[in-house]
There are 2 protein chains.
Amino acid sequence: MATIKDVAKHAGVSVATVSRVLNEIGYVHEDTRKKVEAAIGELQYTPNEVARSLYKRKSRLIGLLLPDITNPFFPELARGVEDEMHENDFRIIIGNSDENIKKEKEYIQTFVQNNVVGAIASTNHPDTDTYRKLNIPVVFLDRTADNRPSVYSDGREGGRIAAHEMVARGSREITIIQGPKHVRPAQDRYQGAADILSDQGILFNVVQTSSYSFTEAGTWAKELFEQYPNTDGVIASNDIVATAVLHEALRLGKKVPDDVQIIGFDDILLSSLLTPSLTTIRQPAYDMGRAAASLLIQLIENQNIDHKTIQMPVTFTERDTTRKVEQHG
Amino acid sequence: MATIKDVAKHAGVSVATVSRVLNEIGYVHEDTRKKVEAAIGELQYTPNEVARSLYKRKSRLIGLLLPDITNPFFPELARGVEDEMHENDFRIIIGNSDENIKKEKEYIQTFVQNNVVGAIASTNHPDTDTYRKLNIPVVFLDRTADNRPSVYSDGREGGRIAAHEMVARGSREITIIQGPKHVRPAQDRYQGAADILSDQGILFNVVQTSSYSFTEAGTWAKELFEQYPNTDGVIASNDIVATAVLHEALRLGKKVPDDVQIIGFDDILLSSLLTPSLTTIRQPAYDMGRAAASLLIQLIENQNIDHKTIQMPVTFTERDTTRKVEQHG
DNA sequence: TTGTACGCGTTATCAG
DNA sequence: CTGATAACGCGTACAA
């Protein structure tokens, strides 16, 4: 790898001059600029980001911490982040936390050790010292923190919509799957749904789950129908769980949506491909990723930020696990 | 952030001594070690990886280049890489290439600018200068390169198995979906299947596709059944395409697997959840990621490598888009 | 308009 | 066993 020194020698100038043309700063004569540029071309020189980073105490790297890239929801998020960052010449160091505080802390630490200029984290523990003591901007994505920059979708509203639509379509004994207690968006969804149902005086059961793993989801789905065999509507905490419920319902010989309606959350690719295809509350995952990246960049560049918190809209995506509502005049 | 200098001052020693205890190199008196360690603890000091990287001209970072993390096959790969790397204290800079040579080159360049010690790339263009001129080890993952370190699964054998099983289950007018021309594993699968079918003198059609996007897959699926309405067996280039074919077949009122059998490739989560669930040739994606990471680490540490090329086995995963073969005595 | 020299935080060499 | 100090590649005062 050629260094700035090589370029300087090759062009017959000093490193300072090379640096000037590189960074387009200060005055440099047109002729010498040409020489330098020629040298850069010949040597195929590209600046060493590490040296830059050391000197400036900041890199062009940002850290992205996700629970598990293997969960279909997160790649969308990640891709949104990546695209926006790439367009702005930032690169990404990525890590999977498995919702494990220790791993999380470890990653955040190596992020700072590598001089990242900011981080995007999807964490359930935004209020730990890990983040509080950080002196780089952090945007919380999906999993929210009060009064901290964050991008998330309106889970509560999503829950409300789900409940509302399900009732409108005739379910009367609804079961809400509550999702992991420590996962805030899951709780928001639950709350929203529960509120509506309570308001309308409609009976509902609650099933608590503790992870998003598909195999475990199957177990809970079984329990659900054992405990509440008469459930005629299930509001799941996400599409993975909804899928497990759908499979179990079908396995039990129930007709979906006639015997039991199901509404998921997220709208991952899978959802539209199931048979019957899954009605769900869609989160704009890709756009959330982009928004988070965009917000982080603003934070990094210290621009004035109006809204440090961005809530994205959620949309009812009607498919075949819910009944059609009659079109009256 | 505390620096080594701060620690030195705090402990009343020189930076050299701190460096020694940090790196456990050379002699250092037990007492002074204690002092230094105490200082490190109090100041919560962690070494600046950037400075280290600058001096040593190598970091603890590796680059991971994937076509598109949004394609369900790649997160598995990525996770395998990440887990293995994490266990060995390497961190990952990730990039999506979209199979775009320019983007690819750009990423590789920023990888080296950041002093990565190695890279894992899933690329269709391993033979470009981008990689040839690189003086860090690169492991090619999934997409293979001759005579270069690589990890891939046996696509040819997979194709053979698919053809064999499909014939054994009675299909007589088979259509092979060939997958993008520039994607080597797709061509291997095609070749394997075509070989078997030719050998056995069985008629087959070929449909060529040019991407793995799901929406486009739908179009090809339509074309397939328009052109070859009597097809009674489809060997798809991957599970995404197979899913599109399944949907189209069902839409046309065909019975699967009675009228038409379908075999996919990869075994992504989706496949087991479809109705009917998808018979497929499974690739051990996660393990492939881990193997690639492991191989790269060996390359980095310059250990003796016996097999620079690792071919992973592929397994026939029988589900419900193929008929059951009779169990004779 | 250009060059010299220092510092970013570390490691390694070489005296002591 | 420990401490100065040069060097890694770059950017920027400051001088010329």
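The chains referred to below are lettered A, B, ... by the order of the sequence lines, with proteins before strands, and numbering in each begins at 1.
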> Can a donor-acceptor pair be found between the side chains of A:Arg91 and B:Thr110 at a distance below 3.5 Å?
Replying inline: yes

> Given atom NZ of A:Lys9 and atom P of C:dG3, what is their separation to the nearest angstrom?
Replying inline: 14 Å

> Once you round it to whole Å, what is the distance between C1' of C:dG9 and CG of A:Asn115?
Replying inline: 10 Å

>> With nearest nucleotide decided by heavy atoms, which residue, B:Leu54 or B:His29, maps closer to the 5′ end of DNA chain D?
In response: B:His29

> Does A:Thr32 put a side-chain nitrogen or oxygen below 4.0 Å from OP1 or OP2 of C:dT1?
Replying inline: no

>> Starting the side chain at C-beta, find the nucleotide from C:dG3, D:dG11, D:dG9 nearest to A:Val13.
In response: C:dG3

> Among D:dC10, D:dT2, C:dT10, which nucleotide sits nearest the side chain of A:Asn48?
Replying inline: D:dC10

>> side chain to side chain contact (heavy atoms under 4.5 Å, CB included) for B:Tyr45 and B:His10? Distances and angles first, verdict last.
In response: CA-CA 11 Å; B:Tyr45 166 77; B:His10 201 87; over 6 Å; no

> CG of B:Leu22 versus C1' of D:dG3: gap in Å, rounded?
Replying inline: 17 Å

>> Taking 4.0 Å as the cut-off, does a side-chain nitrogen or oxygen of A:Arg20 come that near to OP1 or OP2 on D:dG11?
In response: no

> For the base of C:dT11, is there a side-chain donor-acceptor partner from B:Tyr55 under 3.5 Å away?
Replying inline: yes

> Is any side-chain nitrogen or oxygen of B:Arg52 closer than 4.0 Å to OP1 or OP2 of C:dT11?
Replying inline: yes

>> Looking at A:Arg57, I'd like to know whether one of its side-chain N or O atoms comes within less than 4.0 Å of OP1 or OP2 on C:dG7.
In response: no

> Does a nitrogen or oxygen in the side chain of B:Ser14 sit under 4.0 Å from OP1 or OP2 of D:dG3?
Replying inline: yes

> Does A:Glu30 come within less than 4.0 Å of A:Lys34, counting only side-chain N to carboxylate O?
Replying inline: yes

>> I'd like to know if A:Glu49 and A:Arg52 make a salt bridge, using a cut-off of under 4.0 Å between side-chain N and carboxylate O.
In response: yes

> How close or far is atom P of C:dG3 from atom CD1 of A:Ile25, stated in whole angstroms?
Replying inline: 17 Å

> If only side-chain N and O atoms of B:Tyr45 are considered, is one of them under 4.0 Å from the OP1 or OP2 phosphate oxygen of C:dT10?
Replying inline: yes

>> Could you tell me how far apart A:Ile4 (CD1) and D:dT12 (P) are, to the nearest whole angstrom?
In response: 11 Å

> What is the distance from NZ of A:Lys5 to C1' of D:dC8, rounded to the nearest Å?
Replying inline: 9 Å

> Can B:Arg79 and B:Asp83 be counted as an ion pair, charged N to O under 4.0 angstrom?
Replying inline: yes

>> Measuring from the side chain of A:Asn23 (C-beta onward, heavy atoms only), which nucleotide among D:dG11, D:dG9, C:dT11 has the closest atom?
In response: D:dG11

> Taking the inter-plane angle between the rings of B:His125 and B:His182 on a 0 to 90° scale, is it parallel (under 30°), tilted (30 to 60°) or perpendicular (over 60°)?
Replying inline: parallel

>> Can you measure B:Gln113 atom CD to D:dC10 atom P for me and round it to whole angstrom units?
In response: 10 Å

> For DNA chain D, whose closest nucleotide is more 5', that of B:Val28 or that of A:Met1?
Replying inline: B:Val28

>> For D:dG11 and A:Ser19 - does any side-chain N or O of the residue sit under 4.0 Å from the phosphate oxygens OP1/OP2?
In response: yes

> Which nucleotide sits closest to the side chain of A:Thr17: C:dA12, D:dC10, C:dG3?
Replying inline: C:dG3

> How long is the line joining OH of A:Tyr27 and P of D:dA13, in whole Å?
Replying inline: 15 Å

> Which nucleotide, C:dG9, D:dG3, D:dC14, lies nearest any side-chain atom of B:Ala16?
Replying inline: D:dG3

